[in-house]
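Below is one structure, written out as structure tokens, with a few remarks after it.
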Amino acid sequence: MPELPEVETTLRGISPAVVGATITGFEVRNTALRWPVPVGQLQKLTGQTVSKAERRAKYLLLHTAAGTILLHLGMSGSLRILQTGQVAGKHDHLDIEFDGQQLVRLNDPRRFGCCLLIQSPVSEHKLLSNLGPEPLTEDFNAHYLFSRSRGRRVTIKSLIMDSTIVVGVGNIYASESLFLAGIRPTLAAKRLSRKRHHLLADAIKHVLQKAIKAGGTSLSDFSGTDGKPGYFSQQLHVYGRSGEPCSTCMTTIQSKVIAQRNTYFCPVCQRF
DNA sequence: CCCAAGACCTGGCGGC
DNA sequence: TGCCGCCAGGTCTTGG
């Protein structure tokens with residue numbers, strides 16, 4: 001579920017409920033997420049008010065004067081806003097209660113997500129300190145991408161999925177961006193021309209922006225169904241479409257495993 | 001430093 | 001139906 005657009009949508013969904021609200025408790029039913037949930041540390045935030053909620057890469061950050069809660073949704077996580085007293089279901093691992101009346105509930109079947117507390121400067125935290133720029137900012141552009149691909153033998157697909165290069169490009173949007181830019185995913189990063197870096201940087205921005213709009217629409221009520229990608233799949237050109245005709249040239253879409261992840265492309269539209 | 005592969009975990013699906 | 005193997009939107013960690 002959580003590609004960058006859904007994390008962004010999640011942020012927008014929880015912000016009205018949590019920013020300015022006071023934490024009145026935590027209920028942790030399962031501490032065994034990707035890293036152990038530090039229950040004792042979190043409890044000390046009780047009584048603190050959330051001053052700001054933001055997204056960095058696919059991390060959600062809830063700031064208080066006494067520390068910052070860092071959440072990640074992994075492959076299968078989601079957050080919901082509920083009234084207190086709602087019975088927890090399977091994989092509802094933890095709640096953060098606000099003002100004694102609402103809670104943010106984390107559900108994550110695969111438990112690749114996490115909930116940690118940061119008390120040092122946030123940008124210096126190990127999980128955040130080596131992250132590349134946000135794709136939708138001006139810091140991420142053709143010139144930057146070109147400079148970071150010099151000497152790199154990895155495929156261009158692996159490069160754009162490397163969070164130290166640029167954050168937020170997951171497996172779906174890597175394939176989609178490369179299709180839009182007309183670039184073969186298997187091409188060595190160092191062999192990409194300047195012109196194609198330009199096309200690629202623009203494609204990444206375009207695809208993510210469009211997806212955020214789609215995600216925002218589909219999840220606007222927020223407690224809605226646990227989202228399968230129904231609303232995305234209409235807009236996907238190549239991802240998950242091997243064997244189907246390319247929407248541009250009707251050639252059969254192919255798939256290939258790159259760095260252990262399935263990758264989709266049109267062999268005609270993406271010649272290089 | 002760079003790169004590839006392994007690890008974590010559950011659920012849904014197709015095939016027999 | 002039931003069981004089995006395979007696959008899945010992430011990313012940190014390890015080993016060469």
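Every chain is numbered from 1, with letters handed out A, B, ... down the list of sequences. Side chains are part of it too, since the values below use all heavy atoms of this structure and drop only hydrogens, waters and symmetry mates.
Per the geometry, CD belonging to Glu8(A) stands 17 Å off C1' belonging to dG9(C), to the nearest Å. Regarding Leu33(A), its CG atom lies at a distance of 15 Å from the C1' atom of dT11(C), rounded to whole Å. In this structure, Met75(A) atom CE and dC8(B) atom P are separated by 14 Å, rounded to whole Å. Atom C1' of nucleotide dG10(C) and atom OH of Tyr239(A) are separated by 12 Å, given to the nearest angstrom. Rounded to an integer number of Å, the gap from Tyr59(A) OH to dC12(C) C1' is 8 Å. Summarising the geometry, the separation between OH on Tyr173(A) and C1' on dG10(C) is reported as 15 Å, rounded to the nearest angstrom. Rounded to whole angstrom, the span from the CH2 atom of Trp35(A) across to the C1' atom of dC8(B) amounts to 10 Å. Remark: C1' of dA8(C) and CG of Asn171(A) are 10 Å apart, rounded to the nearest angstrom.
Regarding contacts with the backbone of dT11(C), a side-chain N or O of His72(A) is found under 4.0 angstrom from either OP1 or OP2. Put simply, Arg261(A) has no side-chain N or O that comes within less than 4.0 Å of OP1 or OP2 on dC7(C).
dC6(C) and dG6(B): their P atoms are spaced 15 Å apart (whole Å). Between dG9(C) and dC3(B), the two P atoms lie 23 Å apart (nearest whole Å).
Both key distances under 3.5 Å define a Watson-Crick or G-U pair, and stretches of 3 or more such consecutive pairs in DNA chain B run B:2-8 with C:10-16, B:10-16 with C:2-8.
Heavy atoms of other residues, nucleotides or ligands lying less than 6.0 angstrom from CZ of Arg153(A) number 12 at most.
With sequence neighbours excluded, the residues that form a side chain to side chain donor-acceptor pair (under 3.5 Å) with Glu134(A) are Arg55(A), Arg56(A). Scored by the side chain to side chain donor-acceptor pair (under 3.5 Å) test, Tyr59(A) finds no partners at all (sequence neighbours excluded). Among residues two or more places apart in sequence or in another chain, the side chain to side chain donor-acceptor pair (under 3.5 Å) test is passed with Arg191(A) by none. For Thr164(A), the side chain to side chain donor-acceptor pair (under 3.5 Å) criterion is met by Asp162(A), not counting sequence neighbours.
Among residues at least two apart or in separate chains, there is no salt bridge (Lys or Arg N to Asp or Glu O under 4.0 Å) pair with a member in residues 192-208 of chain A. Within the structure, ring pair (Phe, Tyr, Trp, His ring centres under 6.0 Å) pairs that include any residue of residues 150-186 of chain A comprise Tyr173(A)-Phe232(A), Phe179(A)-His237(A) (at least two apart or interchain).
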Measure all distances between protein nitrogen or oxygen atoms and nitrogen or oxygen atoms of nucleotides 1-4 of chain B, and list the pairs falling under 3.5 Å.
{"residue": "dC3(B)", "atom": "OP1", "partner": "Arg153(A)", "partner atom": "N", "Å": "2.6"}
{"residue": "dC3(B)", "atom": "OP2", "partner": "Arg152(A)", "partner atom": "NE", "Å": "2.1"}
{"residue": "dC3(B)", "atom": "OP2", "partner": "Arg152(A)", "partner atom": "NH2", "Å": "2.5"}

Measure all distances between protein nitrogen or oxygen atoms and nitrogen or oxygen atoms of nucleotides 9-11 of chain B, and list the pairs falling under 3.5 Å.
{"residue": "dC9(B)", "atom": "O4'", "partner": "Arg110(A)", "partner atom": "O", "Å": "3.4"}
{"residue": "dC9(B)", "atom": "O3'", "partner": "Arg111(A)", "partner atom": "NH2", "Å": "2.5"}
{"residue": "dC9(B)", "atom": "O2", "partner": "Arg110(A)", "partner atom": "NE", "Å": "2.9"}
{"residue": "dT10(B)", "atom": "OP1", "partner": "Arg111(A)", "partner atom": "NH2", "Å": "2.6"}
{"residue": "dT10(B)", "atom": "O4'", "partner": "Pro109(A)", "partner atom": "O", "Å": "3.3"}
{"residue": "dT10(B)", "atom": "O3'", "partner": "His91(A)", "partner atom": "NE2", "Å": "3.3"}
{"residue": "dG11(B)", "atom": "OP1", "partner": "Lys90(A)", "partner atom": "NZ", "Å": "3.1"}
{"residue": "dG11(B)", "atom": "OP1", "partner": "His91(A)", "partner atom": "NE2", "Å": "2.7"}

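Distance from the side chain of Tyr264(A) is smallest to dA8(C) among dC12(C), dA8(C), dG10(C).
Using modelled atom types, one finds no donor on one side chain facing an acceptor on the other under 3.5 Å when comparing Thr186(A) with Thr155(A).
In this structure the side chain of Leu145(A) never reaches within 4.5 angstrom of the side chain of Leu192(A), judged on heavy atoms. Using a 4.5 Å heavy-atom threshold, the side chains of Leu71(A) and Thr10(A) count as separate.
Asp108(A) comes within contact range of no nucleotide atom at all, as no heavy-atom separation falls under 4.0 Å.
Between Asn107(A) atom CG and Asp95(A) atom CG the span is 10.5 Å, to the nearest 0.5 Å.
Taking all atoms of both residues into account, the shortest heavy-atom contact from Leu127(A) to Trp35(A) is CD2-CH2, 3.7 Å.
Contacts between residues 122-135 of chain A and DNA chain B, defined by a heavy-atom separation under 4.0 Å, are absent.
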Side-chain donor-acceptor pairs of residues 252-265 of chain A under 3.5 Å, sequence neighbours excluded:
{"residue": "Thr263(A)", "atom": "OG1", "partner": "Lys157(A)", "partner atom": "NZ", "Å": "2.9"}
{"residue": "Thr263(A)", "atom": "OG1", "partner": "Lys256(A)", "partner atom": "O", "Å": "3.3"}
{"residue": "Thr263(A)", "atom": "OG1", "partner": "Arg261(A)", "partner atom": "O", "Å": "3.1"}

Enumerate, atom names and distances included, each donor-acceptor pair closer than 3.5 Å involving a side-chain atom of residues 40-47 of chain A, sequence neighbours excluded.
{"residue": "Thr46(A)", "atom": "OG1", "partner": "Gln43(A)", "partner atom": "O", "Å": "2.8"}

